[in-house]
Amino acid sequence: MDVTIVGPGRAGGALGLAASAAGHRVIAVVGRNLGSAEPHAAMLDAQPFGIDAIFPTADLMLIATRDDLINPVAASIAERIPAAAGSGAVHLSGLVPRNALAPLAEAGYETGVFH
């Protein structure tokens with residue numbers, strides 16, 4: 001499975017490493033800017049992107065941002081990156097409901113929460 005990590009902090013970085021170790025391919029690491037994505041992308045042999053870039057659609061997008069950024073990030077991505085068939089997006093918050101990803105659901109992504 002191809003995976004994109006949005007938010008390469010501790011949680012996103014750890015999940016990226018776990019996904020890679022499990023045999024999945026992390027194809028993109030998306031940070032606030034290119035510089036924040038590069039270190040984690042290098043560890044995962046993935047392409048780094050800033051949040052405003054067009055990045056490749058993966059089978060699964062893990063959104064590992066702060067809780068208050070989940071919906072704005074989802075909306076920003078939905079405006080620029082249409083879902084490929086079968087693409088999913090999940091966020092990692094235990095406090096934020098799945099409907100924070102509504103912009104991505106409207107763009108064709110299957111959505112959920114992974115906590």
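The figures here come from the full heavy-atom set of this structure, side chains too, leaving out hydrogens, waters and symmetry mates. Residue indices begin at 1 and follow the sequence shown.
Here the side chain of Asn33 pairs a donor or acceptor atom with the backbone of Ser36 at under 3.5 angstrom. A donor-acceptor pair under 3.5 Å is absent between the side-chain atoms of His91 and the main chain of Ala64, judged by distance alone.
A side-chain hydrogen bond (donor to acceptor under 3.5 Å, both in side chains) check over residues 77-87, counting only residues at least two apart or in different chains, returns the pairs Ser76-Arg80. A side-chain hydrogen bond (donor to acceptor under 3.5 Å, both in side chains) check over residues 60-69, counting only residues at least two apart or in different chains, returns the pairs Arg66-Asp68, Asp67-Ser93. Listed by first and then second residue, the side-chain hydrogen bond (donor to acceptor under 3.5 Å, both in side chains) pairs that reach into residues 104-115 are Arg98-Thr111, sequence neighbours excluded. Among pairs with a residue in residues 23-41, those fulfilling salt bridge (Lys or Arg N to Asp or Glu O under 4.0 Å) read Asp2-Arg25, at least two apart in sequence or across chains.
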I'd like a table of donor-acceptor pairs (distance under 3.5 Å, sequence neighbours excluded) in which one partner is a side-chain atom from residues 4-14, with atom names and distances.
none

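No side-chain heavy atom of Pro82 sits under 4.5 Å from any side-chain heavy atom of Thr57. Counting heavy atoms from C-beta on, the side chains of Val3 and Asp59 never come closer than 4.5 Å. At a threshold of 4.5 Å between non-hydrogen side-chain atoms, the residues Val73 and Ile51 count as touching. Within the 4.5 Å cutoff, no side-chain heavy atoms of Gln47 are placed close to those of Val29. Side-chain contact check for Ile77 versus Met61: some heavy-atom pair is nearer than 4.5 Å. Inter-residue side-chain proximity for Ile54 and Phe49 is flagged as unmet; no heavy-atom pair is nearer than 4.5 Å.
Side-chain heavy atoms closer than 4.5 Å link hydrophobic residues (I, L, V, M, F, W, Y) into clusters, and following such links, even through other members, never connects Val30 to Val90. In terms of hydrophobic clustering, with Ile, Leu, Val, Met, Phe, Trp and Tyr side chains grouped at heavy-atom distances under 4.5 Å, Leu34 and Ile81 are assigned to different clusters. Each of Val113 and Val96 belongs to its own hydrophobic cluster when Ile, Leu, Val, Met, Phe, Trp and Tyr are linked at side-chain heavy-atom distances under 4.5 angstrom. Hydrophobic clustering, with ILVMFWY side chains joined whenever heavy atoms are under 4.5 angstrom apart, keeps Leu92 apart from Ile63. The hydrophobic clustering, which links ILVMFWY residues whose side-chain heavy atoms are closer than 4.5 Å, places Val26 and Leu62 together.
Of all heavy-atom pairs spanning Ile27 and Ala58, the tightest one is CD1-CB, 3.8 Å. Of all heavy-atom pairs spanning Ala74 and Leu101, the tightest one is CB-CD2, 4.0 Å. Residues Pro103 and Ala75 come closest through the heavy atom pair CB-CA, 3.6 Å.
Under the side chain to side chain donor-acceptor pair (under 3.5 Å) criterion, Ser20 pairs with no residue at all, not counting sequence neighbours.
Taking CG of Leu44 as the start and CG of Leu15 as the end, the distance is 10.5 Å to the nearest 0.5 Å.
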